Amino acid sequence: MKTLGIETSCDETAVAVYDSEQGIIGESVFSQIDLHAEYGGVVPELASRDHCNKIIKVFKDATNGIDLNSIDQIAYTAGPGLLGALLIGESFAKGLSYSLDIPLIPVNHLEGHLVSPSMEFEEIETPYICLLVSGGHTMIVDVKAFGDYEIIGQSVDDAVGEAFDKVGKLLELPYPGGPHIERIALDGDPKSYKLPRPMLHSDDLNLSFSGLKTSVLYKVKEIDQMHDFIKSNIAASFQAAVIEVLVKKITKTIELTGRKEIIIAGGVAANKKLRTSMKELEDALDIKVFYPDLKYCGDNAAMIAYLGSLRGSSKNKFVESCVRARWPLSELS
Ligand code: KG4
Ligand code: ZN
C-alpha cells in the first residue's frame, strides 16, 4: 500500500511517499526560510504564494521513479496551520485524487509529529511520551495508543522555538534563530548570565518561555557595546535555561506517569545540547529516549504520508474543504 503525503501548513512545501512494505520511498522538502528571513518571521501571504510556486516541483522530485498509478491514497495536512498555506496543499491533493481516482485523507499535523517516530523506530511501542518542541508548539503529550493522546503539559505563552527565534532577533542573528543560537553558544559560558527558569518548580507539567525572553531583552538593553563573545555568552545562558526547564519537566513527567519511553519531536529536537541532556537523563532515570533523524525533526511530508497510511480512508472524494487553522488534538475523530 502506497500513501502519498503532502505538507504545506507553514513554511515548508513537502511531499513524500510511504510504502507499507518498504517505508519512505520518495521525499522532497523545500524550505521557505530565505523568503521570510528579511521579515524575521513567516509572512502568511508570501508562504501561500510560494507553496503555489513550488509544489509541482517538490511533487515531481518526491515521486521521481515512482509509478503514479501505483499510489493507493493521498494524505495531506488539513491543520493546524496557516489557512492560505493549508488550502494550497488541499487543492493540490484534491486535484491529484481526482485525476488518479484514489482516496483523500485529511490529517492533523500535530498527530503527524506524535506518531512519526514509529515510522523510524520499529521497536517503539505505545504508550510513550512525546516532547513536541517546535516554532509553533510546546507540549508534553501522553501517547496512550494510536489516536488516544493526552496533553499533560504545555507552554502557557511562547513556544520554545518561538523563544529561540525572538532571542535570535535580539542578538541580531539570522532567522530562524534556533540553529544560530546553538552555533554561537558553543563559544559561550552558560553560567555567564543569570536568567530565570520559569515554572521550574511548579507542581504541574506546564512551561513558560515569555519571561525568559523578556529577561534576555533587559540584559541586552544594559549592554553598551555588543561583542560576539557577549552574544555567545547570552546565547549559551539562554539555551541552558531552556534545556534545564525541559529536562526538569520531563523528569517530573516520568515520575508522574511511570512511562519509560520518550520521543522528542519538532524543530527544537534538532538541538544537540538538548539531545545530550536527554541522553544523560536516560542513564539517570533508566528510560529510553528516541531521537528522530534531523530531517524528521522539522516539518516534513514523510510523517504525513505515514500517518495517512495508519488512518486510511473510506471516502473517495471530498467536495467540501477540511482545512482548519486551529485543530486541537482533543478534537481528533
Ligand atoms: O518544527 P519546525 O521546523 O517548524 C514549526 O515550527 O512547525 O520548527 C522550527 C523551529 C524554529 O523556531 C527554529 O528556530 C527551531 O525550530 N530550531 C531550533 C534548532 N533548529 C531549529 N531551535 C534550537 N536549536 C536548534 N538546533
Ligand atoms: Zn510542525
Side-chain angles (χ1 to χ4, degrees), residues 5-14 16 29-34 36-37 39-42 44 47 51 76-82 85-86 89 107-117 130-139 141 154-155 158-171 173-186 188 190 209 212-213 216 235-236 238-243 245-246 263-278 291-304 306-307 325-327 329:
I6 299 172
E7 158 64 36
T8 61
S9 65
C10 190
D11 59 345
E12 264 88 27
T13 314
V29 183
F30 177 81
S31 168
Q32 301 177 354
I33 280 180
D34 293 344
H36 302 290
Y39 305 99
V42 177
H51 285 307
Y76 70 95
T77 303
L82 302 170
L86 292 166
V107 301
N108 182 296
H109 179 90
L110 298 175
E111 188 180 23
H113 280 299
L114 297 185
V115 303
S116 71
C130 176
L131 172 66
L132 175 56
V133 275
S134 73
H137 298 93
T138 296
M139 43 177 78
V141 184
Q154 60 190 322
S155 174
D158 291 353
V160 189
E162 188 182 353
F164 266 97
D165 296 342
K166 286 178 175 168
V167 168
K169 217 170 183 173
L170 292 174
L171 299 179
L173 297 170
Y175 170 84
H180 296 283
I181 288 184
E182 173 171 11
R183 178 178 49 80
I184 68 167
L186 290 173
F209 295 99
L212 172 58
K213 167 210 68 195
V216 173
F238 165 76
Q239 183 174 259
V242 168
I243 292 174
V245 174
L246 291 176
I263 58 132
I264 54 174
V268 183
N271 187 284
K272 290 187 200 67
K273 202 88 193 124
L274 174 62
R275 287 176 174 234
T276 322
S277 304
M278 294 297 287
Y291 308 88
D293 190 299
L294 293 188
K295 70 178 173 184
Y296 295 139
C297 288
D299 289 345
N300 64 86
M303 67 182 192
I304 301 303
Y306 176 65
L307 171 58
R326 280 194 76 258
W327 186 3
L329 286 171

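Just so it is clear, the model here is predicted, and its values are computed rather than measured. Counting starts at 1 for both ligands and their atoms, following the listed order.
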Query - Nearest-contact summary for atom 15 (C) of ligand 1 - protein heavy atom, Å - result: Val268 CG2, 3.9 Å
**Report entry** Closest Asp299 atom to the Zn ion (ligand 2) [N, O or S only]
**Finding:** OD1
Query raised in the report: With a 6.0 Å cut-off on ring centres, are Phe164 and Phe209 close enough?
Result: no
Report summary line: In this structure, CD1 of Ile184 is separated from CG of Leu171 (nearest 0.5 Å) by 5.5 Å
Requested in this report: Please note down the angle at the Zn ion (ligand 2) between NE2 of His113 and NE2 of His109, to the nearest 10°.
Outcome: 90°
Query - Shortest protein contact, atom 7 (O) of ligand 1 (heavy atom only) - result: Asp299 OD2, 3.1 Å
Query raised in the report: When rounded to the nearest 0.5 angstrom, what is the spacing between OG in Ser134 and CG in Asp299?
Result: 7.0 Å
Query raised in the report: For the atom pair CE (Met139) and CG (Leu110), what is the distance rounded to the nearest 0.5 Å?
Result: 5.5 Å
**Report entry** Closest protein heavy atom (residue, atom, distance) for atom 8 (O) of ligand 1
**Finding:** Gly267 CA, 3.3 Å
Query raised in the report: Atoms of ligand 1 less than 4.0 Å from Gly161 heavy atoms?
Result: 12 (O)
Report task. Run the contact test for Gly136 against ligand 1 with a 4.0 Å cut-off on heavy atoms, strictly below, and give the result. Result -> yes
Report summary line: for atom 24 (N) of ligand 1, nearest protein heavy atom and its distance come out as Asn271 ND2, 3.0 Å
Query raised in the report: With a 3.5 Å cut-off and no angle check, do the side chains of Thr13 and His51 form a donor-acceptor pair?
Result: yes
Report task. Report the distance from atom CE of Met303 to atom NE2 of His109, rounding to the nearest 0.5 Å. Result -> 4.0 Å
Query raised in the report: Which residue and non-hydrogen atom of the protein lie closest to atom 6 (O) of ligand 1, and at what distance in Å?
Result: Gly135 N, 2.7 Å
Report summary line: Quick note on ligand 1: atoms under 4.0 Å from a heavy atom of Glu182 include exactly 24 (N), 25 (C), 26 (N)
Query raised in the report: Ile304 pairs by side chain to side chain contact (heavy atoms under 4.5 Å, CB included) with which of Thr77, Ile6, Thr8?
Result: Thr77
Report summary line: One should read off an interatomic distance between Glu182 CD and Lys273 NZ, to the nearest 0.5 angstrom, of 9.5 Å
Report task. Looking only at protein heavy atoms, identify the closest one to atom 22 (N) of ligand 1 and say how far it is in Å. Result -> Gly178 CA, 3.4 Å
Query raised in the report: What residue and atom, counting heavy atoms only, is the protein's closest point to atom 3 (O) of ligand 1, and at what distance?
Result: Gly298 CA, 3.3 Å
Query raised in the report: Using heavy atoms and a threshold below 4.0 Å, how should the contact between Asp165 and ligand 1 be classified: side chain, backbone, both, or neither?
Result: side chain
Report task. Drop me the distance from Asn300's CG to Glu12's CD, to the nearest 0.5 angstrom. Result -> 9.0 Å
